[in-house]
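Quick caveat: nothing in here was measured; it's all calculated off a predicted structure.
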Amino acid sequence: MTDYTIESLIEKILAYTPDAEVSVLNRAYAFSREAHGTQKRVEGSPYIEHPLAVAAILADMKLDVTTIAAGLLHDTIEDTESSVENIRNIFGQEIAFLVESLTKISRIEFTTREEAQAENFRKMILAMAEDIRVVLIKFADRLHNMRTLHHLSENKRLRIATETLEIYAPIANRLGIGWLRTEFEDLGFKALMPDLYNDLERKVATRKEEQEAYLRDVTEIFRRKLEEEHIPGDVSWRIKHYYGIYQKMLAQRITFEEVHDVLGLRIITDTKANCYAILGLIHSLWSPVPGRFKDYIGVPKSNMYQSLHTTIIGPKGERVEFQIRTLEMHMIAEHGIASHWKYKEKSRIDEKSDRYISWFRELMQAQKELTDAKDFLDAVKGEVVPEVIYIFTPMGEIKEMPVGSTPVDFAYGVHTQVGNRCVGAKVNGKIVPLRYTLRNGDTVEIMTSPAQSPSRDWLKFVVTQRAKNRIKQWIKAEERKQSIELGQKLLESELRRHDLGQSVLKSEEMEKVLKFFNIQALEDLHAFIGHGKLSAHQFVNKLLPEKPVEEIPVPKTAKPPKEHKGITIKGVDNVLYHTAKCCFPIPGDPLVGFVTRGRGVTIHRKDCPNLDKTAVDDARIVDVDWKVEGDITTPVKLFLETVDKPGMIASLSALISSVEVNISQLKASTTEDKKAYITFILDVRDKKQLAALTQKIAQLEGVIRIMR
């Protein structure tokens with residue numbers, strides 16, 4: 001049994017809000033208790049203890065009655081027969097919104113756990129834009145679940161602990177709630193690596209015992225110094241949390257014995273000026289360790305954290321870390337966005353709170369643009385990354401960037417167009433490569449050019465979500481633009497082949513055919529054809545009056561015709577045959593036929609590499625030759641390796657059209673090393689026409705090689 005009761009909860013709230021409307025809490029408790037009925041938690045305790053515990057955590061954060069009532073009701077929609085309408089009718093719209101926003105999207109079937117996780121976070125993030133209290137209640141819910149994690153199965157423990165470390169702890173840090181981030185990290189660390197956690201816990205306790213007398217002496221020396229100088233200051237000890245120690249050991253590749261700031265002193269004073277005065281006193285008593293001073297008062301962290309940090313060589317040569325801050329700074333460091341929230345006015349994000357969540361806008365943009373579950377979760381993790389550096393603009397403005405950022409990340413942080421037009425950068429006055437890793441305190445100047453555009457290669461080294469999104473958007477828009485240009489040329493060429501004018505594009509028949517292929521507009525049609533999702537040949541055939549609708553299925557990808565006139569088999573006509581898709585023989589190629597059971601004769605080129613695997617029985621080989629029958633064309637597959645540059649596909653298309661060769665299918669892909677691989681299926685008359693075409697293509701700038 002636990003000590004959580006509605007009476008102790010109300011007592012806790014009245015201690016900081018004497019005029020609290022406790023009747024709402026009594027009604028919320030009664031509703032929740034009745035709704036959960038005889039439900040039990042995994043360990044066997046009554047389920048009502050969980051919402052009571054969540055409400056108590058919210059009261060510890062000194063939140064308002066509305067939030068705490070929502071905490072009592074947070075599981076009623078998901079786990080009981082209650083509905084949002086019930087809660088809205090009894091408790092009002094505000095509480096109903098909070099409770100509904102906390103309900104998982106459990107009624108939708110997802111193909112993967114990651115997809116479900118992403119959608120639930122997407123819902124929570126959208127609700128945060130409406131009311132930040134949604135995430136504060138979610139934090140309290142997750143914290144109590146983490147405190148009781150040992151009752152769950154191993155798989156659930158590992159999944160919940162990992163999610164807490166990767167997402168919940170960083171978000172708590174971003175919102176400046178230091179104590180919550182610390183507890184999330186230590187509980188997650190304990191669940192994922194219990195042996196290592198227990199070992200660190202034991203070592204920290206031993207060091208504390210060994211150093212208590214030493215720290216008492218240092219504290220006494222410094223208290224006397226403060227009194228002499230008449231500077232107010234409350235001196236206390238602090239212990240670095242276990243996960244923080246582990247991360248330091250990991251990052252610096254050191255042992256526990258080499259971590260010097262496990263124990264330290266914290267001094268809380270009255271004014272900012274006295275913070276700096278106390279720093280001067282510390283440095284006058286003991287020598288500071290070079291490189292270990294950090295001024296987070298002058299340059300606060302993104303989560304509003306302010307403090308002075310310094311490490312000194314104390315008595316007996318021991319290192320001691322000091323943190324110096326005002327009481328207000330201490331409250332913000334511990335409680336962050338929850339330390340000043342004015343719930344009585346309205347729950348929307350105010351100007352002061354907005355400073356906590358500037359990162360949040362990128363997350364909001366990401367949730368609109370990223371449909372893939374993994375991409376969205378990566379965006380969440382990328383935006384709440386806690387490790388940052390501070391970069392200066394040439395005008396002295398400070399920009400906060402994630403560790404590992406490059407000049408391109410910085411450029412997109414300034415403005416999208418600065419990023420798109422970035423050609424180079426100067427760091428501290430010297431030109432550096434765009435993939436250069438920025439360091440704390442660097443001054444960065446971005447050089448731009450109107451002729452520059454983003455490169456796919458940038459995606460290999462940028463780290464901010466903003467930069468990644470903007471580069472991908474540009475590439476996507478550019479690829480669509482190229483597809484539209486190419487598709488328009490291919491369609492116009494095909495229309496001319498059938499003596500159809502441009503007026504047909506505005507006809508009623510055109511609208512019917514677009515509808516048949518489920519295409520909304522002419523621009524989309526051009527994009528489909530240019531991208532290779534539909535061939536111009538197939539689309540125009542559908543426009544021709546002699547072709548009934550039923551005869552042409554909606555294609556997923558364009559396919560070459562299966563049968564071709566103009567081939568004789570041992571002088572006998574009317575034999576069922578088809579040309580092999582592996583080698584696409586054309587007039588002029590030496591041929592061989594292979595009898596395929598149930599499918600007639602398959603025609604291959606004699607040099608087809610697949611023929612040796614197929615022709616295991618010589619008795620099934622037949623003589624085949626070409627028979628010229630008028631102006632017929634035959635499909636041929638052409639494979640090109642080119643430089644990946646804008647306009648390459650359009651140039652190839654224009655060249656192919658100029659020699660009156662039809663493109664029936666096109667597929668293209670690119671690689672990270674700026675190469676493009678393009679596959680055409682062309683309708684040619686014979687080998688001679690193909691040879692002339694490949695010779696012209698080979699002379700085109702950017703073409704590396706051509707293969708059939």
Side-chain angles (χ1 to χ4, degrees), residues 2 39-45 47 49-51 53-54 57 74-75 78-79 102-106 108-125 135 137-175 177 179-204 240-251 253 256 363 372-387:
T2 179
Q39 287 179 358
K40 304 279 187 185
R41 299 202 84 209
V42 176
E43 76 279 8
S45 64
Y47 195 89
E49 290 187 3
H50 171 63
V54 169
I57 292 168
H74 78 277
D75 273 340
E78 189 174 332
D79 295 341
L102 290 157
T103 305
K104 290 180 184 174
I105 312 173
S106 53
I108 301 174
E109 289 293 323
F110 294 104
T111 53
T112 65
R113 181 180 293 280
E114 191 170 56
E115 190 179 324
Q117 183 191 35
E119 287 311 310
N120 282 315
F121 272 105
R122 198 187 298 269
K123 181 183 178 187
M124 186 179 79
I125 283 159
V135 80
I137 301 168
K138 189 66 183 171
F139 281 162
D141 177 43
R142 176 52 62 105
L143 183 57
H144 186 245
N145 285 335
M146 287 297 291
R147 286 172 177 174
T148 55
L149 202 61
H150 54 282
H151 295 296
L152 301 180
S153 66
E154 185 180 6
N155 282 344
K156 280 190 175 180
R157 283 202 312 273
L158 298 180
R159 176 175 58 80
I160 293 170
T162 301
E163 186 180 77
T164 301
L165 272 180
E166 289 184 352
I167 299 177
Y168 282 91
I171 292 178
N173 181 59
R174 274 290 199 168
L175 296 178
I177 311 174
W179 71 269
L180 189 60
R181 171 215 176 179
T182 296
E183 193 165 350
F184 273 153
E185 288 183 341
D186 279 353
L187 289 170
F189 179 35
K190 186 176 184 178
L192 292 172
M193 291 170 270
D195 293 341
L196 187 51
Y197 177 90
N198 292 332
D199 184 52
L200 275 182
E201 189 177 36
R202 180 180 52 77
K203 286 178 177 177
V204 168
K240 196 178 188 75
H241 69 298
Y242 303 119
Y243 189 68
I245 296 169
Y246 167 69
Q247 288 290 89
K248 188 162 192 173
M249 289 164 60
L250 211 60
R253 297 183 181 180
F256 173 80
L363 213 49
D372 182 78
K374 186 177 184 302
D375 286 348
F376 176 67
L377 282 178
D378 287 345
V380 173
K381 294 169 188 176
E383 284 303 323
V384 297
V385 62
E387 294 300 319

Rounded to the nearest 0.5 Å, what's the gap from [atom1] on [X] to [atom2] on [Y]? Could you check?
X	Y	atom1	atom2	value
I160	M146	CD1	CE	8.0 Å
E185	H241	CD	NE2	4.0 Å
R142	L149	CZ	CG	9.0 Å
L180	L175	CG	CG	9.5 Å
T164	N145	OG1	CG	8.5 Å
M193	L200	CE	CG	10.0 Å

Looking at [X] and [Y], what are the two nearest heavy atoms and their distance?
X	Y	value
I137	H74	CG2-CB, 4.4 Å
P170	E166	CG-O, 3.3 Å
G188	A161	O-CB, 4.0 Å
K240	K248	CE-CD, 4.4 Å

Are the side chains of [X] and [Y] in touch, meaning some heavy atoms are under 4.5 Å apart?
X	Y	result
Y242	L196	no
R41	H50	yes
R202	N198	no
D141	L102	no

- Task: Taking atom CD of E154 as the centre, report whether more than 12 heavy atoms of other residues, nucleotides or ligands fall under 6.0 Å from it.
- Result: no
- Classify the ring geometry between Y246 and Y243 as parallel (under 30°), tilted (30 to 60°) or perpendicular (over 60°). tilted
- Note on the structure: Residues passing the side chain to side chain donor-acceptor pair (under 3.5 Å) test with T182, sequence neighbours excluded, are none
- Full working for side-chain contact (heavy atoms from CB on, under 4.5 Å) between I177 and F139: CA-CA 10 Å; I177 311 174; F139 281 162; 4.2 Å; yes
- Evaluate side-chain contact (heavy atoms from CB on, under 4.5 Å) for Y168 paired with L143, printing each intermediate quantity in order. CA-CA 10 Å; Y168 282 91; L143 183 57; over 6 Å; no
- Task: Report the C-alpha separation of F256 and M249 in whole Å, then their side-chain angles, then the decisive distance to 0.1 Å, and conclude whether the side-chain contact (heavy atoms from CB on, under 4.5 Å) test is met.
- Result: CA-CA 7 Å; F256 173 80; M249 289 164 60; 4.3 Å; yes
- Item | Pair E163 + R159: basic N to acidic O under 4.0 Å | no
- Task: Using a strict cut-off of less than 4.0 Å between a Lys/Arg side-chain nitrogen and an Asp/Glu carboxylate oxygen, indicate whether R147 and E183 qualify as a salt bridge.
- Result: yes
- Tell me yes or no: between the side chains of D75 and Y47, is some donor less than 3.5 Å from an acceptor? yes
- Task: Using atom types as modelled and distance alone, determine if a side-chain donor or acceptor of R181 lies under 3.5 Å from a backbone N or O of A172.
- Result: no
- For the pair K203 and D199, evaluate side-chain contact (heavy atoms from CB on, under 4.5 Å) and give the outcome as yes or no after the intermediate values. CA-CA 6 Å; K203 286 178 177 177; D199 184 52; 3.3 Å; yes
